[in-house]
Amino acid sequence: MESGTMEKTKIQMLYEACRVIFSQKELPTFKEILWLRNLIGTFAAIDFGIDEHGSCGSPSSSPNSDKGLICGQGISQITYIHVYECEQFSIGVFCFPAGGRLPLHDHPEMTVFSKLLYGSCYVKAYDWVKVESSPGFPTFGLGGKVLEGIMSAPCETSVLFPRSGGNIHSFTALTPCAILDVSTPPYSEELGRPSTYFMEFPIPSLPGYMILEEQELPEDLVVEGAPYLGPHIDVDNDDDNDRC
Ligand SMILES: [Fe+2]
């Protein structure tokens, strides 16, 4: 069968949708955001080459099974599966073992779609109410809580924006779980969009708000990389800066 007549894979549809929506000069419209959120909501772990039930024999064994799939239940460290990245957007999946914790971190000037593919996790999310940031000094400020609670799959895709929707968030896996992450634009140290981690300090007289203070990358945070084992993505040849 000619490739032109073959049905597109879901990951191909996601790549093409992101490319159209995030390559425009204008910001995406609300309608486009909703449309993409609905598309992302249809994804399952297997669409990214992850067997959410696979244990690979023992939790300490390699996450790669002999079926050519990543075993969701065999993950022993937080693992990032890099699917695709270009200047405009990135697509990846974070797989967590039970108890894995991604501390509070921000997404500067970014919009991020997050879809819990399987499992349960505890989520906290804040937006800045007031923030002080000067070169050479740790960023700190007042964060207003947007969300705190347990997410269990299947659940709706969440969207955070540069200044709303919970731009600063943390995840603690209650069971093995995986989160699909579509970010626009991607993190970039060179372009002033680093990932910054924060400590939180409650304010007893102000429930629902926290003092958030920048901290160094936590020493105990290890994020391993794993290859993307899902369907091939046909990338547009005009995308010179793709980082598959
Ligand atoms: Fe995040």
Side-chain angles (χ1 to χ4, degrees), residues 14 18 22 28 33 36-37 40-41 43 45 48 50 75 77-86 88-97 99-128 131 133 139 141 143-153 155-174 176-189 191-200 210 212-218 220-226 228 243:
L14 177 60
C18 288
F22 300 141
I33 296 274
L36 191 57
R37 191 185 72 155
I40 290 170
F43 275 80
F48 298 95
I50 303 166
I75 296 282
Q77 305 251 37
I78 300 176
T79 301
Y80 183 68
I81 302 170
H82 169 87
V83 178
Y84 177 82
E85 183 174 324
C86 61
Q88 288 80 28
F89 63 93
S90 64
I91 302 172
V93 179
F94 285 95
C95 296
F96 293 76
R101 179 167 187 269
L102 207 47
L104 217 50
H105 61 279
D106 67 349
H107 307 81
E109 304 304 320
M110 295 158 67
T111 297
V112 182
F113 298 72
S114 300
K115 157 82 177 167
L116 183 65
L117 297 171
Y118 60 86
S120 294
C121 65
Y122 187 75
V123 186
K124 273 190 193 180
Y126 299 93
D127 282 319
W128 289 118
V131 59
S133 184
T139 298
K145 195 180 284 175
V146 173
L147 176 72
E148 179 170 10
I150 295 172
M151 275 197 322
S152 293
C155 59
E156 282 214 336
T157 302
S158 61
V159 189
L160 64 82
F161 298 94
R163 267 162 280 284
S164 64
N167 188 276
I168 305 146
H169 64 188
S170 66
F171 296 105
T172 305
L174 302 176
C177 65
I179 299 171
L180 165 60
D181 195 284
V182 178
S183 300
T184 179
Y187 282 117
S188 169
E189 291 270 347
L191 297 175
R193 295 191 303 271
S195 173
T196 304
Y197 290 86
F198 295 91
M199 291 182 291
E200 56 192 313
M210 290 272 180
L212 303 180
E213 186 178 316
E214 180 177 345
Q215 64 168 331
E216 294 289 314
L217 181 71
D220 58 348
L221 176 63
V222 177
V223 180
E224 288 202 338
Y228 166 62
R243 297 184 283 277

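One-based numbering, in listed order, for ligands and for the atoms of each. In what follows, every heavy atom counts, from backbone to side chain, and hydrogens, waters and symmetry copies are set aside.
At a cut-off of 2.8 Å, measuring from the Fe ion (ligand 1), the protein N, O or S atoms that fall short of it are H105 NE2, H107 NE2, H169 NE2, waters left aside.
Side-chain contact between Y84 and Y228: absent, with no pair of heavy atoms (C-beta onward) separated by less than 4.5 Å. You'll find the side chain of L160 stays beyond 4.5 Å of the side chain of S158, heavy atoms only. Residues L180 and S114 form no side-chain contact, since every pair of their non-hydrogen atoms from C-beta on lies 4.5 Å or further apart.
The closest donor-acceptor contact from the side chain of T184 to the backbone of Q88 lies under 3.5 Å.
Ring orientation note: the planes of F113 and F22 are tilted relative to one another, at an angle of 30° to 60°.
Looking only at atom types and distance, the side chain of S90 has no donor-acceptor partner in the side chain of E85 under 3.5 Å away.
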